[in-house]
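Read the structure below first, then the notes.
Each chain gets a letter, A, B and so on, in the order the sequences are listed, and its residues count up from 1.
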Protein chains: 2
Amino acid sequence: MARVTRVAPMPEPIALPLVGAPPPERRDAARNRELLLDAATALIERSGPRGVTMDAVAQAAGVGKGTVFRRFESREGLMAAVLNHSEAEWQLQVMSGPPPLGPGADPWDRLLAFGRTRLETTLLHAELIREAGRTGARAAGAYSFTVTHVRYLLTELGVRGDLPILATALLAPLELPILDQQVNLDGFPVDRVHEGWVDLARRIVGR
Amino acid sequence: MARVTRVAPMPEPIALPLVGAPPPERRDAARNRELLLDAATALIERSGPRGVTMDAVAQAAGVGKGTVFRRFESREGLMAAVLNHSEAEWQLQVMSGPPPLGPGADPWDRLLAFGRTRLETTLLHAELIREAGRTGARAAGAYSFTVTHVRYLLTELGVRGDLPILATALLAPLELPILDQQVNLDGFPVDRVHEGWVDLARRIVGR
DNA sequence: GGACGAAACGGACTGCGGTCCGCTTTCTAT
DNA sequence: ATAGAAAGCGGACCGCAGTCCGTTTCGTCC
């Protein structure tokens, strides 16, 4: 897989250590993280998140079990890592993809596109989010990203009030537990839930 | 404890079986459920929900472990049962306590009282709700009760739209995961969160 | 290249949630 | 009162998440 004819090898980019940054990962550690993430993703694809054990992931990655826990803290942590990876693309679409989801469109249209896709994404990754528990859905990355984005859109729309709180309120009905209840237990069609959310957005934004 | 002089024993109330109702519990089963619930409550009080094991509950109740699972399905089920018991009094206040929480006050005032007390209750039982997982917070009883009540208040307030969905949207920010994030991770003061909720209610109701 | 300290590794081990099945208690019909 | 069936009971047992610590690997400094 490596190129055979390498005439003038590119100098490796040197990672200048940022002051205050945590020390970089050792090479074996990094390699194992990759191996584990891949193994976990594959196993999850095959048997669903619930059917995957930590032992299985360790074995599939050709690594000891202790290593899995060292890298990911817990089962939830591992699931959260996989989840993050799955949602990275969506986040990219929001930040720099084509409108109306990405930048360039009217903020209201962006908000609607955001809500629609967020709802779909959450439902799509439902099992994984469930397995990732607290660590996942509202962990550092994913959650604060959505709040920040919605807060920004609300600002653009000229909404007055406590925006961090309002943004959270607008996002809350899109969280898995609520959607789960409405769609899977109450049996509401997804479209109806979505229309309800748009109505909510209208009332909050004041249109 | 029992009265010693019992002259004319009260006739036991006879439980006439309602048609279509599930068969009544056997006496030993009922006794054990009570024992287990009491034991669990006591242990939780002492060590917090996270520190309580099923074995410990079984032992404290003087009962086999299998019995615990027979009665409550799972650890989450047991926690949910304890939680329900804890919240029963609050539900009673809502349904038939003094205004403004109970009936008799203006619906808007009732809604505000509902939100405030709901927020407090959720925060108060946070650990238990967490341990009760899916089974607990949004289990049959507690959750649908709140939705029904809020939907009723919204009706009284003349709100138009898809009320079941709107009610859910109004309740979502009062769910533990969201409150947890705001209060314990973001560090927002409870009062601020509460004011945010009132603002949300205002926008939904249209005041 | 060698040597040394730090970080990472691996897998045996522990504790807990949940299941299973042979035995006991309760209920009902006679 | 008794017998038979159904429901309940208990605790040994299993699988999996998470820990611990002796061993190995990595990076660095001479």
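In terms of position along DNA chain C, the nucleotide closest to A:Gly62 lies nearer the 5' end than the nucleotide closest to the other residue of the pair A:Gly62 and B:Gly66.
Between C:dA8 and A:Arg71, a contact under 4.0 Å exists linking OP1 or OP2 to a side-chain N or O. Taking only side-chain nitrogens and oxygens, B:Arg70 comes nearer than 4.0 Å to OP1 or OP2 of D:dG8. Considering only side-chain N and O atoms, B:Thr67 lies under 4.0 angstrom from the phosphate OP1 or OP2 of D:dG10. In this model, the phosphate group of C:dC9 is approached by a side-chain N or O of A:Asn32 to a distance below 4.0 Å at OP1 or OP2.
Taking atom CG on A:Leu43 and atom P on D:dC16, their separation rounds to 13 Å, with Å as the unit. Here C:dC16 presents its P atom at 9 Å from NZ of B:Lys65, a figure rounded to the nearest Å. Atom C1' of nucleotide C:dT19 and atom CZ of B:Phe72 are separated by 18 Å, given to the nearest angstrom. One can place CZ of B:Arg50 at 16 Å from P of D:dA17, the figure rounded to the nearest angstrom. Summarising the geometry, the separation between CE on B:Met54 and C1' on D:dG10 is reported as 14 Å, rounded to the nearest angstrom. Atom C1' of nucleotide D:dG8 and atom CZ of B:Arg31 are separated by 11 Å, given to the nearest angstrom. To the nearest angstrom, P of D:dG8 lies 16 Å from CG of B:Leu35. In this structure, A:Phe69 places its CZ atom 16 Å from P of C:dG15, rounding to the nearest Å.
Contact annotation: side chain of B:Arg27 to base of C:dT25, donor-acceptor pair absent below 3.5 Å. Within 3.5 Å, a donor on the side chain of B:Arg26 pairs with an acceptor on the base of D:dA7, or the reverse.
Of the candidates A:Ile44, A:Leu35, A:Leu43, A:Val57 forms a side-chain contact (heavy atoms from CB on, under 4.5 Å) with just one, namely A:Leu43.
Ring planes of A:His194 and A:Trp197: parallel class, angle under 30° (limits at 30 and 60°). In this pair, A:Phe114 and A:Trp90 present their aromatic rings tilted. The plane angle is within the 30 to 60° band.
When distances run from any side-chain atom of B:Asp28 to the nucleotides C:dC9, C:dT25, D:dG27, the shortest one goes to C:dT25. In this structure, the nucleotide among C:dC9, C:dT26, D:dG18 sitting nearest to the side chain of A:Arg75 is D:dG18.
One end of the helix from C:dG1-D:dC30 to C:dT30-D:dA1 points its axis 10° away from the other end's axis, with each axis taken from 5 pairs and the angle rounded to 10°.
Note on residues 45-78 of chain A: no pairs pass ring-ring contact (aromatic ring centres under 6.0 Å, His included), not counting sequence neighbours.
The nearest pair of heavy atoms linking B:Ile178 to B:Ala172 is CD1-O, 4.0 Å.
In summary, A:Asp180 and A:Arg130 engage in a salt bridge, as defined by a charged side-chain N under 4.0 Å from a carboxylate O.
Under the side-chain hydrogen bond (donor to acceptor under 3.5 Å, both in side chains) criterion, B:Arg116 pairs with B:Asp191, not counting sequence neighbours.
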